[in-house]
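Whatever order the structure lists them in is the order used to number ligands and atoms, beginning at 1. Counting begins at 1 with the first residue of the sequence.
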Amino acid sequence: MSLFSDVAPVRFEGPQTDNEYAFRVYDKDREVLGKRMEDWLRCAVCYWHSFNWPGQDIFGAGTLPRPWLGATISQAMADAKLEAAFDFLTRLGMPYFTFHDVDAMATAATLKEHDRNLKTIEARIQEKMAASKVKLLWGTANLFSHPRYAGGGATNPDPEVFAWAAAQVRGCLETTHRLGGQNYVLWGGREGYDSLLNTDLKRELDHYGRFLSMVVEHKHRIGFKGAILIEPKPFEPTKHQYDRDVAAVYAFLQRYGLAKEVKVNIEVNHATLAGLDFEHEVAAAFTYGIFGSIDINRGDPRNGWDTDQFPNNAQELVPAFVALIEGGGFSTGGFNFDAKLRRQSVDPADLYLAHIGGIDTLARALLAAADVVSARKLAELKRTRYQGWDGELGRRIESGSLDLAALADLATASDFQPAVRSGRQELAESLIARHCKY
Ligand code: XLS
Ligand code: NI
Ligand code: NI
């Protein structure tokens, strides 16, 4: 029995149901393009927003009943939280969860205590995972909440803080490995700056590169087969986060020789805060070969911060789903609900309603995108738009057999007069809209 025991296990009942505690579209065994829906979406519930946040904001105290939370967390409180979390996860029927070290464990003052408390909760998580079918999508270390990390973790001006961060990451990476985690995530919490006037940019980036190399070396040493993922975000909490978007992360990985070792965890509202479309980030990551996982949520178009709302607009997500399907889907990644309730959603039931609505939204977007891809009209539109490149001129340019002068001479001699051709953007947009019928 826990706070979340009042809701019966959530099942698929179809679009006609009146039951708010049922899935209308998410039918985990339904086949979509040769794969089960559950295997396409690989949904995860996050520990921090769902079980470790009592609803406080900068103007007011917590509003949500989370009896296991307090200024310091005892082992008994951590255990009660775990009990409630797994009750929720199994009733919702989610295949995965995600967590930060400090979300799950009892509060620790020293690194020795940190290590001990993390291992204690790890053993209990292991039991819970064995008794249920829930798996770990990813683990991560929190290198941003404690005051010691005010100036960053790996990019802190103080090497002792860098060392603390290293100890926390080693512990959490090994715990993630033993729990069978599929990925290990590093969101650059406070890796960034508020003012360049007091920041040694080159030194901080070099330290960050060194830190990440150490993580990758350790991953191989312990035989962790999952992916190491960086989570881009442009700002918040710092004014300028080093991992501002997928392209910046890719440049950083190349600079430090890590582009084949590290991938990205893309969050919807981090993309929009960066002034980019979510589908741009997904397509860019596939293009660079660093696509890993997704933190699903949404922002509010009139708010410029990370509101972490549950997704509810399937049509908006379809272009990103098309990119996901065309990229071959997830390998180790999944959709992690990095989303939180509003402060007035105080009933335990609200956490179910939020996730059910969000998961059905993903299911709708998946079905629509699968139809778009199957209809082949978008693909055909792209193919014909570029078909000049399949001709002789295109082939000669692409193969590198013409240098600038040879190409210029050819263009002049042939007197090319290329006409403007329709890009068919409105048609492409209607193709998306017409398939949103679920
Ligand atoms: C914050 C991030 C955070 C990471 C995990 O904006 O989204 O929640 O996903 O550290
Ligand atoms: Ni996130
Ligand atoms: Ni976020």
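- Looking only at atom types and distance, the side chain of Y242 has a donor-acceptor partner in the side chain of E204 under 3.5 Å away.
- No N or O atom of N265 sits closer than 3.5 Å to an N or O atom of ligand 1.
- Backbone and side-chain nitrogen or oxygen atoms of E267 are examined, and one is located within less than 3.5 angstrom of a nitrogen or oxygen of ligand 1.
- Between E191 and K233 no salt bridge is recorded (no basic side-chain N to carboxylate O distance below 4.0 Å).
- Checked by atom type, the side-chain pair D243/Y208 shows a donor-acceptor distance below 3.5 Å.
- Closest approach of A349 and Y21 over heavy atoms only: CB-OH, 3.3 Å.
- Among all non-hydrogen protein atoms, the one lying nearest atom 8 (O) of ligand 1 is D338 OD2, 2.9 Å.
- Closest approach between the Ni ion (ligand 2) and any N/O/S atom of D295 involves OD2.
- Within E231, the N/O/S atom positioned nearest the Ni ion (ligand 2) carries the name OE2.
- Within ligand 1, the atoms closer than 4.0 Å to a non-hydrogen atom of W48 are 5 (C), 8 (O), 9 (O), numbered from 1 in the order shown.
- For the ligand labelled ligand 1, residue E236 lies outside the 4.0 Å heavy-atom shell.
- Heavy atoms of D295 found under 4.0 angstrom from ligand 1 belong exclusively to the side chain.
- Residue E267 counts as close to the Ni ion (ligand 3), with an N, O or S atom under 2.8 Å.
- Between the Ni ion (ligand 3) and D306 there is an N/O/S contact shorter than 2.8 Å.
- Neither side chain, N117 nor Q75, offers a donor N or O lying under 3.5 Å from an acceptor on the other.
- With ring centers used as reference points, H100 lies under 6.0 Å from F144.
- Side-chain contact of D371 with S374: a donor-acceptor pair under 3.5 Å is absent, judged by distance alone.
- Restricting H270 to its N, O or S atoms, the one at the least distance from the Ni ion (ligand 3) is NE2.
- Between F211 and Y256, the ring centre distance reaches or exceeds 6.0 Å.
- Taking the Ni ion (ligand 2) as reference, the nearest N/O/S atom within D338 carries the name OD2.
- Closest protein heavy atom to atom 5 (C) of ligand 1: H100 NE2, 3.3 Å.
- Some N or O of K233 is nearer than 3.5 Å to an N or O of ligand 1, by distance alone.
- Checked by atom type, the side-chain pair T98/N336 shows a donor-acceptor distance below 3.5 Å.
- Counting atoms of ligand 1 from 1 in the listed order, those under 4.0 Å from a heavy atom of E231 are 2 (C), 3 (C), 4 (C), 7 (O), 9 (O).
- Ion pair R24/D360 not flagged as a salt bridge, since none of the NZ, NE, NH1 or NH2 atoms sits closer than 4.0 Å to an Asp/Glu carboxylate oxygen.
- No N or O atom of W138 sits closer than 3.5 Å to an N or O atom of ligand 1.
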